[in-house]
Amino acid sequence: MIVFDHLAVSAATLEVGIDHVDRALGHRMGPGGQHAQMGTHNRLSGLGRSEYLEVIAIDSDAPPPGRPRWFDLDRRSGPPRIGNWIVRTDDLDALLRRYPEAGIPITFTRGAYRWRMAVPDDGILPYDGCFPALIEWLSPPPVFADEGLRLIALTLQHPEADALAGILSELLDDPRVGVEPGPTRITAAIDTPRGLRTLT
């Protein structure tokens with residue numbers, strides 16, 4: 001089973017990222033927590049009950065992790081943006097045998113949640129982050145209150161669109177995910193209580 005799990009908006013600070021989502025969707029992000037192993041923290045909101053949106057940033061109060069942070073956060077610059085998307089698998093090791101470039105598995109714990117995620121040694125996922133991060137939940141994944149947000153379409157724009165599309169067609173069967181040629185960019189069309197909105 002390989003399915004869409006969540007989107008990650010990277011930002012200079014959580015506050016800047018939260019404001020970015022608020023302006024785009026008219027939605028204020030929910031609570032989150034810290035990732036001590038990566039020196040980051042986040043805020044989460046559901047896209048329905050089992051998919052979600054994450055705002056993530058370097059935690060300035062946390063000690064440096066001693067390795068490159070995930071989601072290429074060490075090189076992040078400019079305004080907030082969707083930097084990555086994440087798919088869920090029930091067999092991370094098998095998937096990494098097919099896609100070793102996705103990284104090495106690392107186990108994380110935060111509160112009641114426990115999961116494994118593939119993280120590249122340099123923190124940079126293939127295709128400049130347009131290749132999805134791979135996650136395997138070891139605990140039940142988060143369940144969210146339904147606030148009327150739904151992912152309608154996810155567009156991955158990349159100069160090597162044909163190669164990326166070929167890989168994704170083997171990895172994931174989700175008609176919402178599309179690939180287009182162009183400068184690297186991830187765009188999400190999200191239905192909200194205020195109508196269809198675009199988040200980049």
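Heads up: numbering here begins at 1 and tracks the sequence.
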### Task
Answer whether the closest heavy-atom distance between the side chains of D19 and R28 falls below 4.5 Å.
yes
### Query
Heavy atoms, side chains only, cut-off 4.5 Å: are V21 and S45 in contact?
no
Answer with yes or no whether the hydrophobic clustering places [X] together with [Y]; edges join I, L, V, M, F, W, Y residues whose side-chain heavy atoms lie under 4.5 Å apart.
{"X": "L7", "Y": "M117", "value": "no"}
{"X": "L154", "Y": "Y52", "value": "no"}
{"X": "L156", "Y": "I167", "value": "yes"}
{"X": "I18", "Y": "I56", "value": "no"}
{"X": "L134", "Y": "V119", "value": "no"}

Return the [atom1] to [atom2] distance between [X] and [Y], rounded to the nearest 0.5 Å.
{"X": "I135", "Y": "L92", "atom1": "CD1", "atom2": "CG", "answer": "9.0 Å"}
{"X": "D174", "Y": "L168", "atom1": "CG", "atom2": "CG", "answer": "10.5 Å"}
{"X": "L44", "Y": "L53", "atom1": "CG", "atom2": "CG", "answer": "8.5 Å"}
{"X": "I2", "Y": "E170", "atom1": "CD1", "atom2": "CD", "answer": "11.0 Å"}
{"X": "I106", "Y": "H35", "atom1": "CD1", "atom2": "NE2", "answer": "12.5 Å"}
{"X": "D122", "Y": "D72", "atom1": "CG", "atom2": "CG", "answer": "7.5 Å"}

If you count every heavy atom of other residues, nucleotides or ligands that lies below 6.0 Å from [X] atom [atom1], does the total exceed 12?
{"X": "R69", "atom1": "CZ", "answer": "yes"}
{"X": "R110", "atom1": "CZ", "answer": "yes"}
{"X": "D173", "atom1": "CG", "answer": "no"}

Taking [X] for the side chain and [Y] for the main chain, is one N or O donor matched with an acceptor at less than 3.5 Å?
{"X": "T40", "Y": "I58", "answer": "no"}
{"X": "Q34", "Y": "H41", "answer": "no"}
{"X": "Q157", "Y": "P183", "answer": "yes"}
{"X": "H20", "Y": "S10", "answer": "no"}
{"X": "R49", "Y": "F144", "answer": "yes"}
{"X": "N42", "Y": "G33", "answer": "yes"}
{"X": "W70", "Y": "M38", "answer": "no"}
{"X": "R43", "Y": "M29", "answer": "yes"}
{"X": "R76", "Y": "G78", "answer": "yes"}

Taking all non-hydrogen atoms of both residues, which atom of [X] and which atom of [Y] are closest, and how far apart?
{"X": "R116", "Y": "T107", "answer": "CG-OG1, 3.6 Å"}
{"X": "A133", "Y": "F71", "answer": "CB-CE2, 4.0 Å"}
{"X": "L96", "Y": "G103", "answer": "CD2-O, 3.6 Å"}
{"X": "P120", "Y": "I124", "answer": "CG-O, 3.4 Å"}
{"X": "L149", "Y": "P193", "answer": "CD2-CD, 4.1 Å"}
{"X": "W85", "Y": "L172", "answer": "CZ3-CD2, 3.6 Å"}

### Query
Could you walk me through whether I152 and L196 pass the side chain to side chain contact (heavy atoms under 4.5 Å, CB included) check?
CA-CA 9 Å; I152 302 301; L196 188 64; 3.9 Å; yes
### Message
Tell me whether the NZ or CZ atom of R88 lies within the 45° cone about the ring axis of F4 and under 6.0 Å from its centre.
### Response
no
With distance as the sole criterion, is a donor-acceptor pair present between the side chains of [X] and [Y] under 3.5 Å?
{"X": "H158", "Y": "Y127", "answer": "no"}
{"X": "H27", "Y": "T192", "answer": "no"}
{"X": "E54", "Y": "H6", "answer": "yes"}
{"X": "D5", "Y": "W137", "answer": "yes"}

### Task
Using side chain to side chain contact (heavy atoms under 4.5 Å, CB included) as the criterion, point out the one residue from I82, N84, T200 that pairs with I186.
I82
### Message
Using ring pair (Phe, Tyr, Trp, His ring centres under 6.0 Å), reason through F108 and Y113 one step at a time and then give a plain yes or no.
### Response
CA-CA 8 Å; F108 297 90; Y113 300 118; over 10 Å; no
### Task
Decide, yes or no, whether a salt bridge links D91 with R98 under the criterion of side-chain N to carboxylate O below 4.0 Å.
no
#### Entry: Pair R176 + E51, salt bridge at N-O below 4.0 Å
yes
### Message
Run S50 and V143 through side chain to side chain contact (heavy atoms under 4.5 Å, CB included) and show every step you take.
### Response
CA-CA 6 Å; S50 61; V143 176; over 6 Å; no
